[in-house]
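Shown next, in structure tokens, is the structure this report addresses.
Quick caveat: nothing in here was measured; it's all calculated off a predicted structure. All values below were derived from every heavy atom in this structure, side-chain atoms included, with hydrogens, water molecules and symmetry-related copies excluded. Per chain, numbering begins at 1; letters A, B, ... match sequence-line order.
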Number of protein chains: 2
Amino acid sequence: MSKIQHRNLYREVADRTRELIEHGELTPGERISEKQLCETFGVSRTPLREALKVLASEGLVELLPNRGARVMQLTVKMVKDTYDLMGALEGLSGELACQQISDEGIIAICQLHEQMLEHYRKREMQPYFEVNRQIHESILAAANNEVLEEMYNNLSYRVKRVRYSKKMTEAFWRQAVNDHEMMIVALKARDGKRLGQILRDHLCHKLEVVTLAGVIEDDELINAANG
Amino acid sequence: MSKIQHRNLYREVADRTRELIEHGELTPGERISEKQLCETFGVSRTPLREALKVLASEGLVELLPNRGARVMQLTVKMVKDTYDLMGALEGLSGELACQQISDEGIIAICQLHEQMLEHYRKREMQPYFEVNRQIHESILAAANNEVLEEMYNNLSYRVKRVRYSKKMTEAFWRQAVNDHEMMIVALKARDGKRLGQILRDHLCHKLEVVTLAGVIEDDELINAANG
DNA sequence: AAAAGGTATTATGAATTCAAAATTCCGACA
DNA sequence: TGTCGGAATTTTGAATTCATAATACCTTTT
């Protein structure tokens, strides 16, 4: 028996608009026409405008007074900054997780790790990414810090548009798997400091993939590549 | 010539409601009557409701579907979680600041530090807090990471209601000043790792002040003490 | 007297309406 | 041909109105 969810219209609209942005149906910098979005969702302007305010405070859209909403433009610097921040948060989650996780929790993550290795061996990229995501999510959950979780998820939403699977070379992939091997060792040893450091480095490696190892400039706009 | 700010009504309302919460005119857990707030601000419900949505996504109020808004209740665990997070962010800001700050920037912070010491010697608590805030703000600014800055400010807003000046004993104060001495040494040496660690520990000490060294329970509500 | 049920009132959710700002369009003029 | 200015249109900002859910109140029944 699932709980009845009184979902307000503005939440629904916010979620669906987030998806539109994530999937590139609303491209970065594009002006969002209230009227048009209202028609596509079949709602009036009131809940739509409320949703836009929420998305703005989440950093996904930009509200220009009397000039409407725009999908937030991502610059390379913003992505770097966000990754630095997410690195710190992942680091913290690793430290906290080591303190709080149960033995069963560690076993569960190890099993996910084995699954992930299997996908790596078979070069199944999408399943690999999915299990990878689950591992990071499990560590975050084990940290038992809802504020951290909320903030991390918000940040990851901002950079979700930046897909890096196409730029994921064999070398980078190998590095990522290597990072994960070390993570498991640290987690089993409940070495929080170490796990935290590995997670931070791991995210730096991801950033390298995204920014093509620093070939492009800080203020350059990220073009939304949908992988 | 100051820039003309086209401040939307909903922003104004959000700011003023934030202040009401901060100053305890709206107490934690208290139900927010839309009609009443509309009357005090002299605006219609539309901008007020938009403001409430923003405050909700900032974590300052709670929106219960069809049951209106409540000022978010802070539990001890939430404050602990938030401080853990802010510790990680301060740590990051310290590391980044050491990499990016100019020599002039370091000098400016040292001067603030001297001012703060002077206030400490004279036991001028409010001026001490103000200069203290400026120092942390300067380090945060020197980190040159807008996303970090935004997130940190949001978190600090959530726990602003928790005033600790009344619980600030001589021993804690001495500890805080000691932390700051070490910070300056690390900053001058541009030792990012060390500065980061000191900032994290520094925030842990603050947390101890807030939670009275763990005398109260996790799920206990924080009573808003306005210092 | 206490509990249950139904009606009245109030508060919230969302659409509509009105006002004001921005944009577009078009003609006048250099 | 290009650009400047102003009216017409569109778009956003905010108030109002309408619909519906929650709450309060009162009656009825045991």
Side-chain angles (χ1 to χ4, degrees), chain A residues 1-21 25-73, chain B residues 1-21 25-73:
Chain A
M1 185 83 182
S2 76
K3 195 171 9 177
I4 296 166
Q5 282 273 39
H6 271 268
R7 292 190 59 65
N8 290 6
L9 220 35
Y10 89 95
R11 280 175 176 279
E12 209 76 45
V13 170
D15 289 348
R16 291 192 54 188
T17 307
R18 242 183 248 111
E19 283 170 23
L20 288 183
I21 293 172
E25 270 134 279
L26 290 170
T27 59
E30 179 179 341
R31 174 147 174 213
I32 298 172
S33 161
E34 291 185 1
K35 200 172 145 200
Q36 201 175 312
L37 257 195
C38 283
E39 280 164 9
T40 55
F41 290 148
V43 298
S44 78
R45 281 174 59 218
T46 307
L48 176 75
R49 287 170 59 78
E50 290 174 345
L52 287 177
K53 259 97 192 158
V54 172
L55 295 178
S57 81
E58 287 175 6
L60 284 175
V61 308
E62 202 175 6
L63 296 181
L64 309 167
N66 288 319
R67 297 160 133 253
R70 285 189 151 66
V71 179
M72 184 67 84
Q73 299 257 21
Chain B
M1 184 83 181
S2 76
K3 193 167 18 172
I4 295 167
Q5 282 273 39
H6 270 269
R7 292 190 58 67
N8 290 5
L9 221 33
Y10 89 95
R11 279 174 177 279
E12 210 76 46
V13 170
D15 289 348
R16 292 193 53 187
T17 307
R18 241 183 247 112
E19 284 170 21
L20 288 183
I21 293 173
E25 271 134 280
L26 290 170
T27 59
E30 179 180 341
R31 176 149 173 213
I32 299 172
S33 161
E34 291 184 2
K35 199 172 144 200
Q36 201 176 311
L37 256 196
C38 284
E39 282 164 9
T40 55
F41 291 148
V43 299
S44 78
R45 280 175 59 219
T46 308
L48 176 74
R49 289 170 59 78
E50 291 174 345
L52 287 176
K53 260 95 192 157
V54 172
L55 295 178
S57 82
E58 288 176 4
L60 285 175
V61 309
E62 204 175 4
L63 295 181
L64 308 167
N66 287 319
R67 296 160 134 256
R70 286 189 151 66
V71 179
M72 184 68 85
Q73 299 257 19

A/Asn66 side chain N/O closer than 4.0 Å to the phosphate oxygens (OP1, OP2) of D/dT12?
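Answer no for this pair, as no side-chain N or O of A/Asn66 is under 4.0 Å from OP1 or OP2.
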Mind checking side-chain contact (heavy atoms from CB on, under 4.5 Å) for B/Leu37 and listing every partner two or more places apart, or none if nothing turns up?
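Here the qualifying residues are B/Thr17, B/Leu20, B/Ile32, B/Thr40, B/Phe41, B/Leu48.
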Taking side-chain contact (heavy atoms from CB on, under 4.5 Å) as the test, write out the residues that go with B/Glu12, two or more places apart.
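Testing B/Glu12 for side-chain contact (heavy atoms from CB on, under 4.5 Å), a comparison that skips the adjacent residues, returns B/Arg7.
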Please give, in whole Å, the distance from [N] [atom2] to [X] [atom1]?
X: B/Leu9; N: C/dA21; atom1: CG; atom2: P; answer: 13 Å
X: B/Leu63; N: C/dG13; atom1: CG; atom2: C1'; answer: 12 Å
X: A/Leu64; N: C/dA22; atom1: CG; atom2: P; answer: 12 Å
X: A/Arg70; N: D/dT11; atom1: CZ; atom2: C1'; answer: 13 Å

Non-neighbouring partners of B/Glu25 that pass side chain to side chain donor-acceptor pair (under 3.5 Å), sequence neighbours left out:
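Here no residue qualifies.
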Name every donor-acceptor pair, under 3.5 Å, that has one atom in a side chain of residues 55-62 of chain B and the other anywhere in the protein, sequence neighbours excluded.
from: B/Ser57; atom 1: OG; to: A/Ser57; atom 2: OG; distance (Å): 2.4
from: B/Ser57; atom 1: OG; to: B/Val54; atom 2: O; distance (Å): 3.2
from: B/Glu58; atom 1: OE1; to: B/Arg18; atom 2: NE; distance (Å): 2.9
from: B/Glu58; atom 1: OE1; to: B/Arg18; atom 2: NH2; distance (Å): 3.3
from: B/Glu58; atom 1: OE2; to: B/Arg18; atom 2: NH2; distance (Å): 2.9

CD/A/Glu30 to CD/A/Gln73 distance, rounded to the nearest 0.5 angstrom?
10.5 Å
Name the residue closer to the 5' end of DNA chain D, choosing between B/Arg31 and A/Arg67 according to the nucleotide with the nearest heavy atom.
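It is A/Arg67, whose closest nucleotide lies nearer the 5' terminus.
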Contact list for residues 47-56 of chain B, test side-chain hydrogen bond (donor to acceptor under 3.5 Å, both in side chains), sequence neighbours left out
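As it turns out, the side-chain hydrogen bond (donor to acceptor under 3.5 Å, both in side chains) pairs with a partner in residues 47-56 of chain B, which skip direct neighbours, are B/Glu34-B/Arg49.
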Under 4.0 Å, heavy atom to any atom of DNA chain C: which of residues 32-57 of chain B qualify?
B/Ile32, B/Glu34, B/Lys35, B/Arg45, B/Arg49
